[in-house]
Amino acid sequence: MRIIVGRGQTPVFMLAVSLLAVELLAGMQSFLSQTVMPLVAAELDGAHLYGVLNASSQAAMFLTMPLGGWLLSRFRIGPLMLALTLVTVVGAVVCALALSMQAFISGTVIRALAAGGLATVSMGAVARGLPPRHRQLVLAGMSGVWVVSSLVGPAYAASISSAFGWRWAMVAFLPVLLLVRMMIAYYMPPRSDDEAPEKAPWAWAIVLATGALVLSVPAGVWSGLGIAAGGLLMLWAARALLPAGSLRGATGRPAALSALFVTTGVYFGAALVLSVVAHDAFGLEAHRYGFIIAAPAFVWAILGLWCGAHPATRDGFRRRVLTGGAAVAIAIAILLGTTLLASTQGHAWVGLLAGAGVLGLGMGMIYPDLLGRCFTPPQPGDGISQDRMAAAVILAEAIGTALVTTVAYSWLGTGFGLVDTSLPRSQILYAGLLPLAVLMIHRLAAASPRTMASR
């Protein structure tokens with residue numbers, strides 16, 4: 001990515017660089033959370049609360065993520081971003097000082113409340129603060145920095161955790177985060193137009209958050225009831241918030257949203273728990289499983305950059321996304337086989353790394369073109385505005401991910417009172433994800449009908 005700086009363009013250049021740096025730090029924080037989770041649970045005796053930790057984070061984000069438009073319509077981006085950053089710092093400090101898993105969960109909730117609002121506010125900074133050419137370059141660069149964060153994030157988290165402990169890993173990056181966010185606030189131009197204040201969608205935000213919490217209730221053998229109730233609440237909210245027919249879409253862009261919903265759930269359900277599987281089931285240390293959790297994001301980012309620069313033709317769309325779907329399914333089979341057959345830590349490391357890499361390969365093939373399918377209006381139109389589709393894509397990804405990952409973490413942490421140890425829990429998890437992978441391929445096929453080329 002190349003941004004040419006001319007006379008008078010320094011503020012725009014500095015804002016662009018700062019926004020890319022924030023995206024890099026956001027990627028690092030996601031890997032930090034994955035890396036330290038099993039270490040925190042081991043020290044604070046909280047493995048049985050994996051699901052509660054994940055669900056609390058998701059619920060907090062669901063409370064603030066839908067409120068982004070409301071916040072942007074009432075407050076200037078610079079001060080708003082700084083305020084939310086200070087909330088992030090408070091949450092990280094609470095996590096670092098936690099003496100119990102409950103205290104760590106409280107800090108995570110505080111961080112997630114800020115993260116949900118920052119997701120929209122940061123995109124607002126890109127939209128409002130940059131001219132069109134710089135905006136295009138920054139959006140492309142935001143995908144590219146995930147290549148760096150997939151390498152730097154796990155390395156930072158694993159090295160700091162190994163050398164000084166996970167508590168220092170939670171806070172060592174905060175000065176850089178504060179500096180970058182202060183730069184955005186400083187270089188962010190004032191709003192040049194007046195916008196009518198938007199309404200805050202509190203009701204559905206609360207329904208989503210409640211569903212995420214109910215999904216993870218640690219009720220032992222009765223956990224299935226919580227999963228059913230929480231899942232129904234989240235699907236009810238999704239049905240109301242997404243364009244009509246998105247959850248059952250048979251054709252067109254609703255089918256693409258349905259495919260995105262299932263695909264992100266399957267991928268993140270398999271990928272985000274890799275650190276827990278590696279640590280709890282096979283006893284791998286952070287400096288070893290750091291490579292495993294970096295692999296899918298790194299491969300996804302590299303291949304996604306290529307696929308984004310070379311979008312599939314109308315005829316090639318079906319072939320590319322179905323090949324990617326098959327790769328995700330094969331990756332889950334590799335992970336299942338590893339949990340069933342690996343007899344040493346070395347074998348487990350190789351198997352988990354291979355499965356993680358193939359996961360990223362599949363998503364790198366699917367994601368850019370599936371997003372393109374969502375954002376390309378059909379002729380004649382389907383009545384879904386681009387703004388509505390942008391919000392729908394974010395929600396479909398977030399809800400699909402929350403549903404599957406919360407159940408996965410809860411199962412790995414508790415076994416629902418049915419399975420006592422980590423290794424068989426991991427085996428059952430990946431066996432359960434295989435049917436979901438078949439559903440994913442079915443949804444991807446619906447989003448890319450064979451008649452597409454003839455239209």
Side-chain angles (χ1 to χ4, degrees), residues 46-63 65-66 105 109 112 201 203-242 244-249 254 257-273 276-277 332 336 392 395-420 422 424-443:
H48 62 291
L49 295 175
Y50 279 143
V52 175
L53 173 62
N54 183 70
S56 299
S57 174
Q58 299 283 2
M61 288 189 66
F62 282 136
L63 277 178
M65 187 183 293
I105 290 173
V109 167
W204 289 116
I206 292 172
V207 172
L208 277 175
T210 302
L213 289 174
V214 172
L215 203 64
S216 68
V217 172
V221 295
W222 299 102
S223 295
L225 295 178
I227 291 172
L232 286 173
L233 280 173
M234 296 184 73
L235 291 174
W236 179 40
R239 184 174 181 273
L241 291 169
L242 297 175
S246 295
L247 294 185
R248 54 177 174 77
L257 279 174
S258 173
L260 185 66
F261 177 88
V262 179
T263 301
T264 52
V266 171
Y267 170 83
F268 287 111
L272 289 186
V273 300
V276 174
V277 173
I332 293 172
L336 173 61
L395 282 170
E397 290 184 13
I399 296 171
T401 299
L403 277 169
V404 182
T405 59
T406 300
V407 175
Y409 277 123
S410 296
W411 170 255
L412 289 176
T414 68
F416 300 160
L418 302 173
V419 180
D420 292 332
S422 296
R425 292 175 188 173
S426 302
Q427 295 165 351
I428 293 170
L429 170 64
Y430 286 118
L433 284 173
L434 278 177
L436 281 182
V438 174
L439 175 62
M440 172 195 67
I441 293 172
H442 176 269
R443 289 287 80 211

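Residue numbers start at 1 and run along the sequence shown.
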Novice: Ignoring hydrogens, what is the shortest heavy-atom contact between M234 and F62? Give both atom names and the distance.
Specialist: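 Distance-wise, the nearest heavy atoms are CE-CE1, 3.5 Å.
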Novice: For A55 versus A212, what's the shortest heavy-atom pair and its separation?
Specialist: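 Shortest heavy-atom separation between A55 and A212 comes out as CB-O, 3.1 Å.
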Novice: Restricting to ring-ring contact (aromatic ring centres under 6.0 Å, His included), what partner residues turn up for F261, sequence neighbours left out?
Specialist: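 Not a single residue meets the ring-ring contact (aromatic ring centres under 6.0 Å, His included) criterion with F261.
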Novice: Can you measure from CG (L434) to CG (L439) and round to the nearest 0.5 angstrom?
Specialist: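 So the gap between those two atoms works out to 12.5 Å.
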Novice: Quick one: closest heavy-atom pair of A396 and L242, and the distance?
Specialist: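 Nearest pair, atom of A396 first, then L242: N-CD2, 4.1 Å.
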Novice: With side chain to side chain contact (heavy atoms under 4.5 Å, CB included) as the test, pick out the partner of L433 among I332, I428, L336.
Specialist: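 The side chain to side chain contact (heavy atoms under 4.5 Å, CB included) with L433 is passed solely by I332 among I332, I428, L336.
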Novice: Between H48 and T414, what is the shortest heavy-atom contact and its length?
Specialist: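 Looking at all heavy atoms of both residues, the shortest contact is O-CG2, 3.2 Å.
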Novice: Could you walk me through whether Y409 and V276 pass side-chain contact (heavy atoms from CB on, under 4.5 Å), step by step?
Specialist: CA-CA 8 Å; Y409 277 123; V276 174; 3.9 Å; yes
Novice: Are any side-chain N or O atoms of T264 and backbone N or O atoms of L260, one a donor and one an acceptor, separated by less than 3.5 Å?
Specialist: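 At least one qualifying donor-acceptor pair exists.
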Novice: Determine the sole option in V404, L429, N54, T405 for which the side chain to side chain contact (heavy atoms under 4.5 Å, CB included) test with V273 is passed.
Specialist: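 Result: among V404, L429, N54, T405, L429 is the only option passing the side chain to side chain contact (heavy atoms under 4.5 Å, CB included) with V273.
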Novice: If we ignore hydrogens and angles and just use 3.5 Å, is the side chain of R425 paired with the main-chain N or O of V419 as donor and acceptor?
Specialist: yes
Novice: Quick check for you: to the nearest 0.5 Å, what is the distance between L436 atom CG and H442 atom NE2?
Specialist: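 These two atoms lie 14.0 Å from each other.
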Novice: In Å, rounded to the nearest 0.5 Å, how long is the span from CG of L272 to OH of Y267?
Specialist: 7.5 Å
Novice: Show the numbers, then the answer: is there a side-chain contact (heavy atoms from CB on, under 4.5 Å) between L213 and S56?
Specialist: CA-CA 6 Å; L213 289 174; S56 299; 4.1 Å; yes
Novice: Looking at G51 and S410, what are the two nearest heavy atoms and their distance?
Specialist: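 Closest approach of G51 to S410: CA-OG, 3.2 Å.
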Novice: For a quick test of reading the model, state the closest non-hydrogen atom pair linking G231 to L403 and the distance between them.
Specialist: CA-CD2, 3.7 Å
Novice: Please list, chain by chain and in numerical order, all residues satisfying side chain to side chain donor-acceptor pair (under 3.5 Å) with E397, sequence neighbours excluded.
Specialist: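 Residues passing side chain to side chain donor-acceptor pair (under 3.5 Å) with E397: Y367.
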Novice: Step by step, work out the side-chain contact (heavy atoms from CB on, under 4.5 Å) result for S426 and L412.
Specialist: CA-CA 7 Å; S426 302; L412 289 176; 3.8 Å; yes
Novice: Nearest 0.5 Å, please: how far is CD1 in I105 from CG in L49?
Specialist: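 Here the rounded value is 5.0 Å.
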Novice: Quick one: CH2 on W411 to OG1 on T406, what's the gap to the nearest 0.5 Å?
Specialist: 16.0 Å
